[in-house]
Amino acid sequence: MTAPPAALVNRNKKHFMGIPAPLGYVAGVGRGATGFTTRSDIGPARDANDVSDDRHAPPSKRKKKEEEEDDDEDLNDSNYDEFTGYGGSLFSKDPYDKDDEEADMIYEEIDKRMDEKRKEYREKRLKEELERYRQERPKIQQQFSDLKRGLVTVSEDEWKSIPEVGDARNRKIRNPRAEKFTPLPDSVLSRNLGGESSTTINPSSGIMSAIPHGTATPGMLTPTGDLDLRKMGQARNTLMNVKLNQVSDSVEGQTVVDPKGYLTDLQSMIPTYGGDISDIKKARLLLKSVRETNPNHPPAWVASARLEEVTGKLQAARNLIMKGCEVNPKSEDLWLEAARLQPPDTARGVIAQAVRHIPTSVRIWIKAADLECETKAKRRVYRKALENIPNSVRLWKAAVELEDPEDARILLSRAVECCPTSVDLWLALARLETYENARKVLNKARENIPTDRQIWTTAAKLEEANGNVTMVGKIIERAIASLSANGVEINREHWFKEAVEAEKAGSVHCCQAIIKAIIGQGVEEEDRKHTWMEDADSCAAQGAYECARAVYAHALATFPSKKSIWLRAAYFEKNNGSRDSLESLLQRAVAHCPKSEVLWLMGAKSKWMAGDVPAARGILSLAFQANPNSEEIWLAAVKLESENSEYERARRLLAKARASAPTPRVMMKSAKLEWCLNNLELALHLLDEAIKVFPDYAKLWMMKGQIEEQQGDLDKAWDTYNKAIKKCTSSVPLWLMLCGLEEKRKNMTKARSVLEKGRLRNPCCDRLWLEAVRIEFRAGMRDIANTLMAKALQECPSSGILWAEAIFLEPRPQRKTKSVDALKRCEHDPHVLLAVSKLFWCESKMQKCREWFNRTVKIEPDLGDAWAYYYKFELLNGTEEAQEDVKKRCIAAEPHHGEYWCAVSKNIKNWRLNTEHILVLVAKELPIPI
């Protein structure tokens with residue numbers, strides 16, 4: 001087959017075949033077709049600056065000739081300014097050549113140069129104004145930043161439980177009130193019905209003449225004047241009264257309806273149940289089925305009656321429960337429910353029927369007694385009940401409670417015969433009897449109940465109460481032996497509870513005897529000490545101090561040479577006992593442990609605090625004999641003499657101590673005594689001698705530098721500190737003192753250098769970082785201080801003093817957020833807790849501030865700054881009682897640490913001040929947090 005000619009092929013082929021469609025092309029647009037675009041036409045998302053690839057852009061309309069031409073320039077006088085000229089560009093139509101471009105670049109460079117001249121100053125001022133503005137008006141974002149951080153802890157369930165956004169309309173639109181219809185008064189109806197309204201037809205128009213007079217039929221709208229609505233209402237009330245009287249005066253004589261309170265009673269008939277009526281009907285039908293299927297099932301009758309009671313049908317409930325009682329006369333629950341539903345008068349009759357059917361029911365007899373109002377009637381009911389049920393302990397107890405002591409004793413004597421196994425009845429009878437009879441009663445009780453420990457402990461308490469103390473221990477020993485013989489397990493915890501109860505009842509010898517007899521039961525020999533110390537702590541925590549003393553006495557008798565037990569017993573007596581008991585214990589302690597310095601010192605301090613200085617000296621002299629070269633005893637003797645102004649004695653003692661026990665502390669105390677007495681040259685001489693012997697003891701160098709600073713010789717002090725940091729490179733206070741001296745000499749650069757060296761020698765030292773931050777802050781370099789604080793927190797992330805300082809470096813809006821971060825890092829650090837307390841003080845949240853101060857001093861009672869801030873807070877915001885309470889607690893705690901506290905207590909001028917005076921001075925010097 002031959003191919004078609006090429007001319008024919010080319011003639012049929014269109015020129016646009018195989019060529020992509022032009023932009024904006026829509027097939028059939030000439031015939032009125034409309035195009036649409038899809039995602040494949042548009043392509044992926046792109047930036048706003050990308051070239052558009054819209055293939056189906058709408059065809060552009062031809063602009064009018066006027067719009068295509070450029071607008072004429074506005075050369076009016078209103079658009080002209082003498083300085084800037086016309087508002088528009090006069091040369092906008094002219095061509096933009098290279099000269100114009102070069103001129104624009106030159107002007108732009110000049111503008112940049114002029115702008116850079118004051119750029120730094122302008123940016124600094126703008127930054128300060130912005131900071132000031134943000135402090136006064138913080139952003140919403142800053143105020144809620146701590147709450148936004150808390151969203152991290154929100155679980156997925158909590159997110160899902162957040163309710164949807166509610167209707168934004170107001171309440172009136174959301175809850176439109178129902179349309180109100182106000183009834184018309186009778187006068188309006190009667191006026192309209194009675195013909196008083198005026199007609200709308202004008203009589204003068206002539207229309208009324210068409211209706212013949214007298215021919216209209218009288219009807220509803222005919223003004224007759226016979227209808228009176230007020231009389232209709234009176235007639236209705238009369239009819240209601242007649243019906244009520246008929247109901248109330250029935251022939252049978254039973255008045256069912258109260259004619260006067262009829263409408264009031266209707267209110268009580270409104271059902272109080274708010275559930276669905278269909279549910280009530282289902283429940284009623286279900287319970288009816290249960291009753292008919294098994295009529296001898298009392299819970300079905302009770303449930304049916306309670307359902308009717310809930311729905312407000314009280315009479316139906318009473319009828320149902322009484323029917324149930326007829327069907328099940330032996331059911332105790334049914335009779336009690338029937339008595340509950342009936343009024344009091346009828347309930348007595350119901351309970352009387354119940355007693356006839358079930359004379360042995362204790363609950364029914366007790367209900368019968370409860371329904372009686374007079375005590376005499378109740379006694380009569382209980383006695384009748386006891387005739388029927390003589391072995392009921394509950395009835396005997398209830399009957400005894402209503403009687404006088406003499407009658408109660410007679411009743412109890414009969415009760416223990418009927419119920420010989422009731423411990424409570426035996427003990428109650430023993431309490432009411434005389435001493436001799438009580439002993440006989442308890443002996444009989446032990447014969448009848450040989451397995452109960454309460455009878456034995458009561459017998460021991462009875463003997464102690466009557467002065468027969470020697471029998472108490474024997475009775476307790478016999479009790480344990482008898483109970484063990486009868487197969488009763490000797491439980492330590494139960495017996496310890498008996499001992500605590502005996503102490504609370506005032507029977508001290510009884511509790512001690514119980515502890516002595518029971519303390520060794522069930523304890524392994526190697527666990528005795530540990531277990532007994534736990535027992536003593538447990539008794540002390542419950543307030544049973546005599547029991548704890550008994551435990552300590554037994555432990556000390558078993559382990560007389562254990563220093564730790566003597567110490568714990570001594571601290572217990574110090575906190576909970578008297579001074580005499582403490583001193584007697586310490587005398588026995590030092591006799592058994594003469595090498596224990598702490599016990600000697602506690603005894604001497606107790607005598608000294610009581611004002612008996614000679615006795616304290618005597619104890620220390622005995623301590624010298626037992627411990628001839630003890631540094632602690634030497635220094636305690638020196639302190640005793642110096643506190644009592646016996647300075648010569650103190651000097652002699654220190655000279656002896658330096659000769660026999662030349663320790664660095666003894667040398668330091670010798671120099672300090674001379675410093676306190678203002679003998680500065682002698683103090684320096686002693687320090688020089690001490691430094692030759694102990695060059696590594698940093699406190700000697702510190703004291704020497706401080707004395708030289710006090711004398712005003714800063715160069716010597718600087719030389720001393722420089723020598724010291726070479727000998728004692730790890731002593732942080734020395735680095736801080738040298739830094740402070742450089743700052744005092746106005747050498748800020750050297751002070752920074754000293755701290756830098758100190759941090760290199762002592763890495764991760766938070767106190768050196770803190771001082772570096774404070775130096776920059778005092779110098780006004782707040783930005784550098786913040787930068788240093790950030791570095792410090794990176795190196796020491798768990799340092800409480802750094803976090804506490806960081807909180808108050810922040811502006812006020814950010815402090816709360818910072819405090820949350822600090823508490824996460826250092827939850828139990830006293831410095832952070834103190835900073836949070838001060839933060840609440842700044843915000844005037846007094847109660848929270850007080851709570852956090854209490855938390856701080858409980859966690860670290862040795863932090864004097866916390867006590868001082870707490871005391872100052874109470875001075876400004878609390879009562880006198882609160883101030884005295886804080887002061888007493890501070891004196892008891894005897895704090896020794898804290899920045900402000902040590903600045904006052906270590907001051908040589910205040911060397912003789914006690915804790916109370918130091919607290920007042922520190923609180924006076926403290927700044928109020930802002």
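Any value given below was found using the heavy atoms of this structure, including those in side chains, with hydrogens, waters and symmetry copies removed.
Exactly one of E709, Q706, E708 qualifies for a side chain to side chain donor-acceptor pair (under 3.5 Å) with T720. That residue is E708. When Y571, W566, F572, Y545 are each tested for a ring pair (Phe, Tyr, Trp, His ring centres under 6.0 Å) with Y552, only one passes: F572. None of E129, R125, E131, E123 except one satisfies the side-chain contact (heavy atoms from CB on, under 4.5 Å) rule with K127; the exception is E131. Checked against V732 for a side-chain contact (heavy atoms from CB on, under 4.5 Å), the options R767, R761, E771, M737 give a single hit: R767.
Take W608 and apply the side chain to side chain donor-acceptor pair (under 3.5 Å) test, not counting sequence neighbours, and it matches no residue. Taking W735 as the reference, nothing meets the ring-ring contact (aromatic ring centres under 6.0 Å, His included) condition, with sequence neighbours excluded. For R132, there are no side chain to side chain donor-acceptor pair (under 3.5 Å) partners two or more places apart in sequence or in a different chain. For D783, the salt bridge (Lys or Arg N to Asp or Glu O under 4.0 Å) criterion is met by no residue, not counting sequence neighbours. Residues meeting the side chain to side chain donor-acceptor pair (under 3.5 Å) test with S155, sequence neighbours left out: none. In terms of the side chain to side chain contact (heavy atoms under 4.5 Å, CB included) criterion, residue partners of Q847 (sequence neighbours excluded) are, by chain and number, R850, E851. With sequence neighbours excluded, the residues satisfying ring-ring contact (aromatic ring centres under 6.0 Å, His included) with F873 are W841, F853. Qualifying ring-ring contact (aromatic ring centres under 6.0 Å, His included) partners for W901, counting only residues two or more places apart in sequence or in other chains: none. With sequence neighbours excluded, no residue forms a side chain to side chain donor-acceptor pair (under 3.5 Å) with S819.
Counting heavy atoms from C-beta on, the side chains of K791 and W769 come closer than 4.5 Å.
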Give the table of side-chain donor-acceptor pairs shorter than 3.5 Å for residues 804-814, with sequence neighbours excluded, one pair per line with atom names and distance.
| unit_1 | atom_1 | unit_2 | atom_2 | d |
| --- | --- | --- | --- | --- |
| E805 | OE1 | R774 | NH2 | 3.2 |
| R812 | NH2 | C842 | O | 3.4 |
| Q814 | NE2 | Q142 | OE1 | 3.4 |

Solution key, residues 917-930 side-chain donor-acceptor pairs under 3.5 Å, sequence neighbours excluded:
| unit_1 | atom_1 | unit_2 | atom_2 | d |
| --- | --- | --- | --- | --- |
| H917 | ND1 | N914 | OD1 | 2.5 |

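Checking side-chain atoms of S538 against main-chain N and O of E534 turns up no donor-acceptor pair under 3.5 Å. Between the E860 side chain and the D862 main chain, a donor and an acceptor come within less than 3.5 Å of each other. In this structure a side-chain-to-backbone donor-acceptor pair under 3.5 Å is present from N722 to W718. The backbone N or O of A882 lies less than 3.5 Å from no partner atom in the side chain of E874, so there is not a single donor-acceptor pair. The closest donor-acceptor contact from the side chain of W867 to the backbone of P861 lies under 3.5 Å. Within the 3.5 Å criterion, the main-chain N or O of A903 finds no donor-acceptor partner in the side chain of N907. Under a 3.5 Å cut-off, the side chain of S837 and the backbone N or O of L833 do form a donor-acceptor pair. At least one donor-acceptor pair closer than 3.5 Å links the side chain of D865 to the backbone N or O of Y900. Judged by distance alone, the side chain of N910 and the main-chain N or O of S905 form no donor-acceptor pair under 3.5 Å. Using a distance-only test at 3.5 Å, with no hydrogens or angles considered, no donor-acceptor pair links the side chain of S753 to the main chain of T749.
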> After noting the C-alpha distance and the side-chain angles of K723 and D719, does the key distance pass the salt bridge (charged side-chain N to carboxylate O under 4.0 Å, His left out) rule?
Replying inline: CA-CA 6 Å; K723 289 178 182 176; D719 189 45; 3.5 Å; yes

>> What verdict does the salt bridge (charged side-chain N to carboxylate O under 4.0 Å, His left out) test give for D821 and R825, after you've listed the backbone C-alpha separation in whole Å, the side-chain angles of each residue and the deciding distance to 0.1 Å?
In response: CA-CA 6 Å; D821 295 339; R825 291 283 187 174; over 6 Å; no

> Checking salt bridge (charged side-chain N to carboxylate O under 4.0 Å, His left out) for the pair E776/R782: CA distance, chi angles, key distance, verdict?
Replying inline: CA-CA 7 Å; E776 300 301 339; R782 192 184 184 94; over 6 Å; no

>> Working note: S564 + K529, criterion side-chain hydrogen bond (donor to acceptor under 3.5 Å, both in side chains); need CA distance, chi angles, decisive distance, verdict.
In response: CA-CA 10 Å; S564 59; K529 179 188 169 186; 2.9 Å; yes

>> side-chain hydrogen bond (donor to acceptor under 3.5 Å, both in side chains), that's the test. Do Y870 and Q883 meet it? Break it down for me.
In response: CA-CA 9 Å; Y870 193 6; Q883 295 163 17; over 6 Å; no

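In this structure, the separation between CD1 on I565 and CE on M533 is 4.5 Å, given to the nearest 0.5 Å. In this structure, CG in L686 is found 12.5 Å from NZ in K704, a value given to the nearest 0.5 Å.
Here side-chain hydrogen bond (donor to acceptor under 3.5 Å, both in side chains) pairs that include residues 724-733, with residues two or more places apart or in two chains, number zero.
Heavy-atom neighbours of E128 CD from other residues, nucleotides or ligands within 6.0 Å: above the threshold of 12. Around the CE atom of M781, the shell of radius 6.0 Å holds no more than 12 heavy atoms that belong to other residues, nucleotides or ligands. With a 6.0 Å radius and a threshold of 12 heavy atoms from other residues, nucleotides or ligands, E158 has its CD atom above the threshold. Heavy atoms of other residues, nucleotides or ligands lying less than 6.0 angstrom from CZ of R658 number more than 12.
For the pair P695 and C728, the tightest heavy-atom approach, listed with the atom from each and the gap, is O-SG, 3.8 Å.
Side-chain atoms of R752 and N747 include no donor-acceptor pair closer than 3.5 Å. A donor-acceptor pair shorter than 3.5 Å cannot be found between the side chains of R579 and S606.
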